[in-house]
Student: 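Provided herewith is a single structure, encoded as structure tokens, for subsequent inquiry.
Residue numbers start from 1 in every chain, and the chains themselves are labelled A, B, ... in the order their sequence lines are given, proteins ahead of strands. What's counted below: heavy atoms across the whole structure, side chains too, no hydrogens, waters or symmetry copies.
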Amino acid sequence: MIKIDIQKMLHGSNGQMNLQVDLNINEGDFIALAGRSGSGKTTLLRILAGLENAKGEIKVGEETWQDKLTCKAVQKRGIGFVFQDYALFPNMSVMENLLYVAKDRDLAKHLLRLTELEELQNRMPSTLSGGQQQRVSLCRALMKRPKMLLMDEPLSALDPSMRAKLQQEILLLHREFETTTIMVSHDPSEMYRLANRVVVLENGKITQDGSAKDVLLKTSGSQKFSFEGELLDIKKVDVIYIAIIAIGQQIVEVVVSENEAKSLHVGQIVRVGTKAFAPTIS
Amino acid sequence: MNYLVAKVIGLENSENLTIVEFEAEGDFLYMMSLELPNIKEGMMVKLAIKPLSIAIAKRFSGSFSYSNKLFATVKEVKTGKLLCSVKLDFKGHEFEAVMSNRAIANMHLRADDTVALFIKASDIFIKEIL
């Protein structure tokens, strides 16, 4: 069991905020940490890694990483960290990057085999694609067989197909090593695929904590198919009205009745919903 | 959108599929839904039905596979180029049904006509728990 009970005053873009997190994590869990920018996600990872100070306690099994008296140094915590921007040593080959962390050539080879990077072991990072570099940094983070793997939006710089491939590899490595993992993510499909628990931070506090489906399924009353969007326009056609709504990168049209049209105004943030029985998949 | 306050009087489950029975104004309504962890018998809810999900029948006899049948009075028929909007009174609640002109061409709907409203169980949803 990992017990986290910390607090820290943060000075964010919206003024002062008290980051206050009380969280118990089972060993081997894969936790997705979600929430808007500035909600304290990255700071929480940095506090766990020992890169930032905070008040409170962090206990990992029998080990105390932090309490009133102790604050274990970063290198003694047994943490693997994967950042969005890879952070590989540019003057070292793939293999050297891994061996720099731990001189365990067998483990390095095993990790490179699992992530299909074996043939690239002598290449320099600058000659690799973004996806390949991120796989190397993932392997490097596991070289110390860490007690906890912390990932801060590790896949957000990659294109969707590479992201899906790396999600598979993260899952494969998690099953093999059973490393307790906390991953900051904004991508619901990523959280659903990888995490067995999703924790949402808002203004420094945990506001939701549950399975990916329970936390991420947006419902509106009994409607299971629901999205938030911005009302761009509303047009009268015949005896009905058509609302044009931007949802993510897409525009959708929804037929509404006169009484609904009267209560809507352009620019409004609306929730578009229907029953799970109506949509089709193609 | 048409709204109707109703009481949950029964829930029938098969794995995560549920059929909910409601009572509203002395009539019974049925809703098909996926899992509904927050809905319990005895609760009051606001049901919603889109105007395009209501079918109207006049002098109806025989059987029909729609789970919900309510009797209402026609108040007004507004005709557009292709569609028409029928304003109805169901026990004091104003309802609207929208359909194509073609669909009601031979029905000669007029104000004060009594009609049957048909709504599929999969077209009714709970807007909110009261």
Student: Quick one: what part of A/V255 sits under 4.5 Å from any heavy atom of chain B, side chain, backbone, both or neither?
Tutor: both

Student: Under a 3.5 Å cutoff, is there a donor and acceptor pairing between the side chains of B/T18 and B/N13?
Tutor: yes

Student: Heavy-atom count around B/K127 NZ within 6.0 Å, excluding the residue itself: above 12?
Tutor: no

Student: B/L47 versus chain A, heavy atoms under 4.5 Å apart: side chain, backbone, both or neither?
Tutor: neither

Student: Would you call the rings of B/F90 and B/F95 parallel, tilted or perpendicular, taking 30° and 60° as the class edges?
Tutor: tilted

Student: Which one, B/N2, B/D123, B/L34, leads in non-hydrogen pairs under 4.5 Å with chain A?
Tutor: B/L34

Student: Got a salt bridge between A/R197 and A/D209, using NZ or NE/NH1/NH2 to carboxylate O under 4.0 Å?
Tutor: yes

Student: For chain A, find which of B/S85, B/S122, B/P51 contributes the most heavy-atom pairs closer than 4.5 angstrom.
Tutor: B/S122

Student: Just how far is it from atom NZ of B/K58 to atom CG of B/D113, taken to the nearest 0.5 Å?
Tutor: 4.0 Å

Student: Does a sphere of radius 6.0 Å around OH in A/Y192 hold more than 12 heavy atoms from other residues, nucleotides or ligands, not counting ones at 6.0 Å or beyond?
Tutor: no

Student: Relative to chain B, which of A/A276, A/S257, A/A278 shows the most heavy atom pairs under 4.5 Å?
Tutor: A/S257

Student: Side chain, backbone, both or neither: which part of B/I129 has an atom under 4.5 Å from a heavy atom of chain A?
Tutor: neither

Student: Is it the side chain or the backbone of B/K46 that comes within 4.5 Å of chain A heavy atoms, both, or neither?
Tutor: neither

